[in-house]
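Keep in mind that the numbers below use all heavy atoms, side chains included, and drop hydrogens, waters and symmetry copies. When a ligand or atom number is given, it counts from 1 through the structure's own listing order.
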Amino acid sequence: MRVLIVEDEPRILADLRRALEAANYVVSTASEGEDGWYRGDSEDFDLVILDLGLPKIDGLTVLKRWRAAGRTMPVLILTARDEWREKVDGIDAGADDYLTKPFRIEELLARVRALVRRSAGFASPVLVNGPLEIDTRNMAVAYRGHPVPVTALEYRLLAYLMHQPGRVVSQSEIAQHIYEEDLERDSNAVEVIVARLRRKLSGPVIETRRGQGYLIPAGLAD
Ligand code: CA
């Protein structure tokens, strides 16, 4: 899952980046509104954390522009304490949730998990598809009731497909959502990770559509 953080306070930005990376998200950042708007407009994110008080273009304007352009990714806004009007304006402008500064990082992570899963149509933090289960709170994978140890990259790939059952996802899209942006994105490596996951999950879970990509079918058989 790929997250964009738009925040101008360096310390909050660094704390958010560290916490989200530790929770296995791929993180991109912007420290002012113009860059943040551009990245959210031109790149594909699974979630955006958007501070409202930003240099160059304020967060509310950034959000309104994205929504006016049809960008539908979930957006969590960060607001100053006691600024109830900011929250109302933010939600009316298309924010999906808000958090008031200062906040506990655990609460932020819980809200991030909830927004990502709700936008994918899941109500519970444990995503279940037939015999396959992933617990997004602790990155645990189980298949037919048995825990399956997975690496960080394997988890990211599995979680990305698991959030959108039945949809064929191209190798390059997968690469974009599981690799840090500074690293060379090698879509061949996606094949290697899929092969490793198939060995670990001793049943048909990830299907290949030749020339198109991979999918986890909706309603896997037990
Ligand atoms: Ca700010």
Vertex the Ca ion (ligand 1): angle to O of G53 and OD2 of D51, to 10°?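 The O/OD2 angle about the Ca ion (ligand 1) sits at 80°.
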Which atoms form the tightest heavy-atom contact between R2 and S28, and what is the distance?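 Heavy-atom minimum between the residues: NH2-OG, 3.5 Å.
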Name, closest N/O/S atom of D8 to the Ca ion (ligand 1):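 Sorting the N, O and S atoms of D8 by distance to the Ca ion (ligand 1) puts OD1 first.
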3.0 Å cut-off met by an N, O or S atom of [X] to the Ca ion (ligand 1):
| X | result |
| --- | --- |
| E7 | no |
| G59 | no |
| E9 | no |

State plainly whether the residues R209 and E207 are in salt-bridge range, i.e. N to O under 4.0 Å.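 Yes, this pair counts.
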Between R117 and D135, does any NZ, NE, NH1 or NH2 come within less than 4.0 Å of an OD or OE carboxylate oxygen?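 Not counted as a salt bridge, because no side-chain N and carboxylate O are separated by less than 4.0 Å.
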So H177 and Y160, would you call those rings parallel, tilted or perpendicular, with 30° and 60° as cut-offs?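 Rings of H177 and Y160: parallel, under 30°.
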Closer than 3.5 angstrom, by distance alone: can the side chain of N129 be matched with the main-chain N or O of G219 as a donor-acceptor pair?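 It does hold such a pair.
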